[in-house]
Amino acid sequence: MFNQTIRPRRLRTSDNLRKLVRETRISPESLIWPIFVAEGENIYEEIPSLPGQYHYSPDHLYRMVERAHEHGVSRVILFGLPKDKDEIGSGAWAEDGIVQQGIRKIKELDPEMYVVTDVCMCEYTSHGHCGILCGHYVDNDQTIARLAQIAVSHAKAGADMVAPSDMMDGRVAAIRAALDENGFVNVPIMSYAAKYASYFYGPFRDAAGSAPSFGDRRSYQMDWHNGREAMRECALDVQEGADILMIKPAMSYLDLVYQCRQRFDLPVAAYAVSGEYAMIKAAAKAGLIDEYGIMCESAVSIYRAGADILITYYAPELADAIRKGDIG
Ligand code: PBG
């Protein structure tokens with residue numbers, strides 16, 4: 001009789017053994033939870049396009065902090081919804097801007113909470129583009145000067161890390177120089193190094209009121225036909241002084257998460273964006289999939305591809321899944 005000596009199934013015979021030989025280990029410490037801070041008072045509203053996520057005015061941020069504590073999440077990335085917008089997005093660097101207020105409030109509620117801020121202008125400009133316009137074109141060099149100003153204002157308000165998401169050329173270098181000049185040499189930059197002009201951001205733009213009023217973002221965010229170009233973007237950000245490289249979106253871009261991990265020595269973050277979350281929520285609501293299972297499997301796939309850090313709206317639920325031992 002044929003004697004089969006090599007049996008991969010041998011290592012799958014019990015839950016205990018399967019957990020012993022897992023190749024991908026995840027910790028709740030590697031999760032970052034995106035949070036939307038809305039200017040005003042008494043706002044605590046579920047976001048229709050992102051079920052389970054909320055708009056919090058600063059006076060309601062304690063709810064977010066409580067939820068984070070319940071699930072053992074201690075890292076957030078903040079997005080702001082200002083009351084007023086203008087042509088140049090001046091609310092983005094205002095000392096009492098909404099993100100600046102949010103940072104101070106969170107630090108007051110929990111000084112241990114690690115606060116990352118999204119550095120961009122699209123939530124603050126009347127036209128919804130991620131920078132200063134020159135006609136219908138986003139002017140690169142005027143924009144990076146403003147982005148540097150925004151990053152410094154976040155750091156002054158107490159941000160622990162800044163994350164530019166605009167995709168202008170040279171913004172990491174400009175932000176690094178400005179932070180250093182202002183004494184924030186130890187505030188790291190997590191650059192959205194390879195950020196694609198993606199349809200997966202749709203629910204976020206509803207949530208943040210940041211859809212462009214004309215045109216699209218293809219003259220600054222990347223074309224999703226391109227992969228080598230993503231590595232070029234990452235290499236530039238490394239040269240410019242980025243501390244962490246981010247690939248965004250995550251699930252349809254695992255090839256780039258993998259390549260980024262292979263090629264660079266910096267920590268790699270992946271952002272499982274609003275569309276990825278909203279699709280799981282919608283399919284689960286329609287009874288088509290097992291939400292918990294899909295959440296776990298998709299998160300693990302991102303880590304397996306090489307991500308060290310995952311930015312996800314499911315951060316609280318994933319932290320629980322990891323602690324329960326269902327994943328990680
Ligand atoms: C701002 C920004 C966007 C996202 C993060 N920062 C939207 C965009 O580029 O239009 C998307 C996040 C998500 O979809 O969850 N530039």
Side-chain angles (χ1 to χ4, degrees), residues 31-37 47-55 76-82 85 89 91-92 97-99 102 116-125 127-133 138 140 143-144 146-147 150-151 154 159 161-168 171-172 175 189-224 233 244 246-253 269-282 295 298-299 302 309-315:
L31 297 166
I32 301 179
W33 188 23
I35 298 297
F36 297 92
V37 191
I47 301 171
S49 63
L50 294 172
Q53 307 300 316
Y54 292 81
H55 285 147
V76 291
I77 179 165
L78 299 189
F79 297 92
L81 284 86
K85 304 184 186 226
I98 183 57
V99 162
V116 184
T117 57
D118 183 83
V119 173
C120 195
M121 298 176 70
C122 59
E123 294 105 338
Y124 303 89
T125 51
H127 43 77
H129 278 286
C130 301
I132 307 289
L133 289 183
V138 175
N140 194 84
T143 301
I144 61 176
R146 294 302 189 182
L147 293 166
I150 299 169
H154 289 178
M161 180 187 285
V162 294
S165 68
D166 51 283
M167 288 304 279
M168 299 301 128
R171 93 280 209 202
V172 171
I175 290 173
I189 300 173
M190 171 164 66
S191 76
Y192 287 67
K195 174 174 175 180
Y196 285 83
S198 172
Y199 288 103
F200 285 95
Y201 309 150
F204 173 96
R205 291 182 188 167
D206 287 338
S210 65
S213 61
F214 64 87
D216 52 46
R217 303 210 200 288
R218 286 184 231 192
S219 79
Y220 38 105
Q221 298 180 350
M222 287 180 56
D223 179 345
W224 26 260
E233 286 282 4
I244 299 176
M246 190 205 301
I247 304 292
K248 176 187 176 192
M251 268 249 273
S252 294
Y253 296 82
Y271 193 148
V273 299
S274 57
E276 302 180 50
Y277 175 84
M279 288 196 308
I280 299 176
K281 283 284 178 191
M295 169 190 83
S298 49
I302 298 164
I309 298 165
L310 178 61
I311 302 163
T312 171
Y313 301 93
Y314 274 124

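These numbers come from the heavy atoms of this one structure, side chains and all, not from hydrogens, waters or symmetry mates. In each ligand, atom 1 is the first atom listed, and ligand 1 is the first ligand listed. What you are looking at is a predicted structure, and each value in this text was computed from that prediction instead of being measured.
Ranking protein heavy atoms by distance to atom 14 (O) of ligand 1, first place goes to Ser274 OG, 2.6 Å. Protein heavy atom nearest atom 16 (N) of ligand 1, with residue, atom name and distance: Lys195 NZ, 3.0 Å. Considering only non-hydrogen protein atoms, atom 10 (O) of ligand 1 sits nearest to Arg205 NE, 2.6 Å. The protein heavy-atom contact nearest to atom 5 (C) of ligand 1 is Lys248 NZ, 2.6 Å.
The residue among Tyr201, Tyr192, Phe204 with a heavy atom at the shortest distance from atom 3 (C) of ligand 1 is Phe204.
Residue contacts with ligand 1: Ser210 is excluded, as none of its non-hydrogen atoms falls under 4.0 Å. For Tyr313, the heavy-atom gap to ligand 1 drops under 4.0 angstrom. The closest approach between a heavy atom of Arg217 and any atom of ligand 1 is below 4.0 Å.
Contact atoms of ligand 1 toward Phe79: 5 (C), 6 (N) (distance under 4.0 Å to a heavy atom of the residue). Heavy-atom contacts of Ser165 reach the following atoms of ligand 1: 1 (C), 2 (C), 6 (N), 16 (N) (cutoff under 4.0 Å). Of all atoms in ligand 1, listed by their number and element, those nearer than 4.0 Å to a heavy atom of Cys122 are 1 (C), 16 (N). Near Tyr271, meaning under 4.0 Å from one of its heavy atoms, ligand 1 places the atoms 12 (C), 15 (O). Annotation for ligand 1: atoms under 4.0 Å from non-hydrogen atoms of Gln221 are 8 (C), 9 (O).
At least one donor-acceptor pair closer than 3.5 Å links the side chain of Ser49 to the backbone N or O of Pro203. For Glu276 (side chain) and Pro249 (main-chain N/O), no donor-acceptor pair under 3.5 Å exists by modelled atom type. When atom types are taken as modelled, the side chain of Ser274 and the backbone of Phe200 share a donor-acceptor pair closer than 3.5 angstrom. Under the 3.5 Å distance criterion, the side-chain polar atoms of Thr143 are matched with a main-chain donor or acceptor of Ile132. Between the side chain of His55 and the backbone N or O of Ala207 there is at least one donor-acceptor pair closer than 3.5 Å.
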Next on the checklist: Show, in sequence, the C-alpha distance, side-chain angles and deciding distance for Phe214 and Leu133, and conclude whether the side chain to side chain contact (heavy atoms under 4.5 Å, CB included) test is met.
Outcome noted: CA-CA 12 Å; Phe214 64 87; Leu133 289 183; 3.8 Å; yes
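Within the 4.0 Å heavy-atom criterion, neither part of Tyr277 lies near ligand 1. Counting heavy atoms under 4.0 Å from ligand 1, residue Asp166 does not touch it at all.
A cation-pi arrangement, defined by a distance under 6.0 Å to the six-membered ring centre and an angle within 45 degrees of its axis, is absent between Lys281 and Tyr313.
Nearest heavy atoms, Asp216 versus His129: O-CE1, 3.2 Å. Of all heavy-atom pairs spanning Pro82 and Ile98, the tightest one is N-CG2, 3.8 Å.
Note: Phe79 and Phe204 have perpendicular aromatic rings, judged against thresholds of 30 and 60 degrees for the angle between ring planes.
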